[in-house]
Amino acid sequence: MSRQNEAVGDLLANIAKLLALKGENPFRIRAYGEAARTISALAEDIAAVHHAGRLEDIPGVGEGIAGKVAEYLNTGRCSYYEQLKRQVAPAAADLLDVPSIGPVRAKLLYDRLGIASIEALQQAAAAHRLRDLPRFGAKLEDRIAQEAARVAARTRRLLLGVALPTAEEVAQALGRSPAVRAVQPAGSIRRGKDTIGDIDLLAAADAPRAAMDAFTALPIVKEVLAQGPTRASILTQDDLQVDLRVIPPDEYGAALQYFTGSKDHNIALRTLAMARGYKLSEYGLFDASGRRIAGRTEDEIYGALEMDWIPPELRENRGELAAAQQHRLPTLVAEADLRGDLHVHTDWSDGHDSPEQMVEAAIARGYAYLALTDHSRSLAVAHGLTVERVREQRHLIDRLNACYAPFRVLRGTEVDILPDGSLDYPDAVLAELDIVTASVHSAFQQPRERLTARLLRALRNPYVDVLNHPTGRLLPRRPEYDVDLEAVLRAAAAAGVALEVNGQPDRLDLDDVWARRAGQLGALLACDSDAHAARQLGYVRYAILTARRGWASPQGVLNTLPLDRLLAHLARRRVGARVA
DNA sequence: GCCGTTTTCGGCCCGACTGTTTTCAGTCG
């Protein structure tokens, strides 16, 4: 069976939706929603947790939810959910996806007008049948019509690699306005999440109106969607929506903390504040008498709650609050810690730029080394290198090393892991290289046992130094292939093979949850760009953000090693390979 | 439904905005 965390999460989230439609106790609804998110984000396989009898050890999972999860894992169905589906029209749950429609309105739309789909909603709105419902009106009807159209034409979640540069571009432009004292992205962008819903910016200004006007007048703005005294939304020339909030400077830290989230982190933090008799809001931290005791900076707020400042990437309520209280937060790896990149392509295979251009770009980034890892022979679509071409590339790399010393160009390969788990070059060829990174590029659909055995076999090859993009996912929608990744991570840890966190915006593979699991199991990560052009070396930034979300420290990342220690590490592995 | 250095019962984050009302429900982040 494949990993079912996602399926269990979906089940619980669907239950939450149906309970909302029923008008159930909001706290019960929230309990299901929280459990859904926790289980979806759990690195450990939920089925394994169940078999170990530890479901109720999961935070937010008690007797009731554990029972439903157990039934689902045992039988593939959940009688409580089936029963709910008979009580409430499950199709009406789709209405909850439309902004401005919550449980009350969804239920009303279904009960009074029989609306149970976005399409039906659009038709009813067009026929002006919504405005006469209780507490509805013409304005609300218009808005629902607009939102429904937007949902129907659903623009997917943005990739971090698209959202972050846009957010920074707008923030920089806005920062040049004299009315703005500080401005930065908040929300899931600041947390470095792999995909982003909305681009949220926060600005500190004494005169909000002037800051607002500066925002809506930026050249990048194509359309102003909404503008109020402290909030505005615009559409960029590229049709990305950006929301700005303007905050008085002495509340900036509290607002930044609040609007960075995550929601679960904030709820947990506020609960902690409450236990101390404080109240935390986006305006600050207040004591029992209502006096504000912190708010200008985030540091102030976390400090007043007697904990360390928490890097935004960790704010997912996955143990960071307890760690911050005990002063045991990890020192997270940073882009500046990287000494080189171990996965890039050149125009010898499917890259855009020459080896020289890649090397010069790497030097410009301050790297000490770069591994050229062009594709192997079987990947014909990417002009994979024949054995002869691999050997030919050596002469070029020798020349580059002579020319750019002390910078070091490493002879590498991204060798295909063939369907049977053997590698695309014979060991004798791999032995000539400085570094071997290995990838699955074919036969993703193999059954779980086959694919797992295939990866385990590749990891047993003593020449393999790095396993690239271990799950094969492509955002937004090619899911991880079906593999026992826990077993793969354990094998990699045992074999000393590093696991890549690939920085291509549509990969980010391993993801944050698995990267953390890899670290827990004692495996090294490799944060690489997988650049196919010189300017893509910067994609390593997204690998770093993902690794940070996975609690990775510099010691946990192979390519933070200085050149001599990296070479020593690789040499040790080569000695082991020859002995084997 | 979950949970406990105030609680095994009685709480559960907090405030703004919008549009509908004539004092506030519903939704959002």
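Here is how names work: the chains are called A, B, and so on, in the same order as the sequence lines, proteins then strands, and each is numbered from 1.
Between A/E313 and A/R191, none of the side-chain N atoms (NZ, or NE/NH1/NH2) sits under 4.0 Å from a carboxylate O, so this pair counts as no salt bridge. Taking 4.0 Å as the cut-off between side-chain N and carboxylate O, A/R315 and A/E320 do not count as a salt-bridged pair. Using a 4.0 Å cut-off between a side-chain N of Lys or Arg and a carboxylate O of Asp or Glu, A/E316 and A/R549 qualify as a salt bridge. Using a cut-off of 4.0 Å between Lys/Arg side-chain N and Asp/Glu carboxylate O, A/E300 and A/R296 are scored as not salt-bridged. A/E82 has no carboxylate O lying under 4.0 Å from a charged side-chain N of A/R86, or vice versa, which leaves the two without a salt bridge.
No engagement by A/I29 is indicated, since no non-hydrogen atom pair under 4.0 Å with the nucleic acid exists. Using a 4.0 Å heavy-atom distance criterion, A/A138 is classed as a sugar-phosphate-only contact. Looking at heavy-atom distances under 4.0 Å, A/E63 makes contact with sugar-phosphate atoms alone, never a base.
Between the NZ atom of A/K22 and the C1' atom of B/dG1 there is a distance of 13 Å, rounded to whole Å. Protein atom OH of A/Y278 is 15 Å distant from nucleotide atom P of B/dC14, rounded to whole Å. Across the protein-nucleic acid pair, A/E56 atom CD and B/dC2 atom P stand 8 Å apart, rounded to whole Å. Here B/dG4 presents its P atom at 12 Å from CG of A/L272, a figure rounded to the nearest Å. The distance between atom CG of A/N317 and atom C1' of B/dC2, rounded to the nearest whole Å, is 14 Å. Between A/E141 atom CD and B/dG19 atom P there is a gap of 13 Å when expressed in whole angstrom units. We find that CG of A/L244 is positioned 18 Å from P of B/dA16, with the value rounded to whole Å. Protein atom NZ of A/K139 is 8 Å distant from nucleotide atom C1' of B/dT18, rounded to whole Å.
Between the side chains of A/N74 and A/H50, at least one donor-acceptor pair of N or O atoms lies under 3.5 Å. Side chains of A/D512 and A/T546: no donor on one and acceptor on the other come within 3.5 Å. For the 3.5 Å distance criterion, the side chains of A/Y542 and A/Q504 fail to qualify, holding no donor opposite an acceptor.
Spacing between B/dC2 and B/dT6 at atom P, rounded to whole Å, works out to 23 Å. Comparing the same atom, P, in B/dC12 and in B/dC17 gives a spacing of 24 Å after rounding to whole Å. B/dC13 and B/dC3: their P atoms are spaced 13 Å apart (whole Å). One C1' atom belongs to B/dT20, the other to B/dA25, and the distance between them is 8 Å to the nearest Å. Here, B/dT21 and B/dG26 have their C1' atoms 13 Å apart, quoted to the whole Å. A gap of 26 Å separates the P atoms of B/dC28 and B/dT23, to the nearest Å.
Each salt bridge (Lys or Arg N to Asp or Glu O under 4.0 Å) pair with one or both residues in residues 327-337 of chain A, not counting sequence neighbours, appears once here: A/E335-A/R365.
Within 6.0 Å of CZ on A/R276 lie more than 12 heavy atoms contributed by other residues, nucleotides or ligands.
The CG atom of A/L314 lies 5.5 Å from the CH2 atom of A/W551; values are rounded to the nearest 0.5 Å. A distance of 9.0 Å separates CG of A/L11 from CD1 of A/I39, quoted to the nearest 0.5 Å. Taken to the nearest 0.5 Å, the OG1 atom of A/T38 stands 7.0 Å off from the CG atom of A/N317.
The two residues A/L12 and A/V69 make their nearest non-hydrogen contact at CD1-CG2, 4.2 Å.
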Can you check each nucleotide of nucleotides 23-29 of chain B against protein heavy atoms at under 4.0 Å and return B for base, S for sugar-phosphate only, - for none, in 5' to 3' order?
-> -BSSSSB
Stepwise side chain to side chain donor-acceptor pair (under 3.5 Å) test for A/Y80 and A/K85 | CA-CA 9 Å; A/Y80 180 65; A/K85 280 202 284 191; over 6 Å; no
Given A/S100 and A/I144, is the side-chain contact (heavy atoms from CB on, under 4.5 Å) satisfied, shown in steps?
-> CA-CA 7 Å; A/S100 79; A/I144 287 174; 3.7 Å; yes
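With a cut-off of 3.5 Å on both pairing distances, B/dT8 has no Watson-Crick or G-U wobble partner at all.
Near-neighbour residues of DNA chain B inside residues 65-73 of chain A, defined by a heavy atom below 4.0 Å, number-ordered: A/I65, A/K68. Contacts between residues 7-19 of chain A and DNA chain B, defined by a heavy-atom separation under 4.0 Å, are absent. The stretch residues 298-314 of chain A does not touch DNA chain B, since none of its heavy atoms comes less than 4.0 Å from the strand.
The 5' end of DNA chain B is approached more closely, in terms of each residue's nearest nucleotide, by A/G64 than by the other of A/Y283 and A/G64. In terms of position along DNA chain B, the nucleotide closest to A/A31 lies nearer the 5' end than the nucleotide closest to the other residue of the pair A/A31 and A/F286.
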If you restrict it to nitrogen or oxygen atoms, what contacts under 3.5 Å exist between nucleotides 7-12 of chain B and the protein, and what is each distance?
none

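Within the 4.0 Å cut-off from OP1 or OP2 of B/dG19, at least one side-chain nitrogen or oxygen of A/R143 is found.
Relative ring orientation between A/Y302 and A/H265 is described as tilted, the plane-to-plane angle lying within the 30° to 60° band.
Put simply, the residue from A/D97, A/D10, A/D94 that forms a salt bridge (charged side-chain N to carboxylate O under 4.0 Å, His left out) with A/K17 is A/D97.
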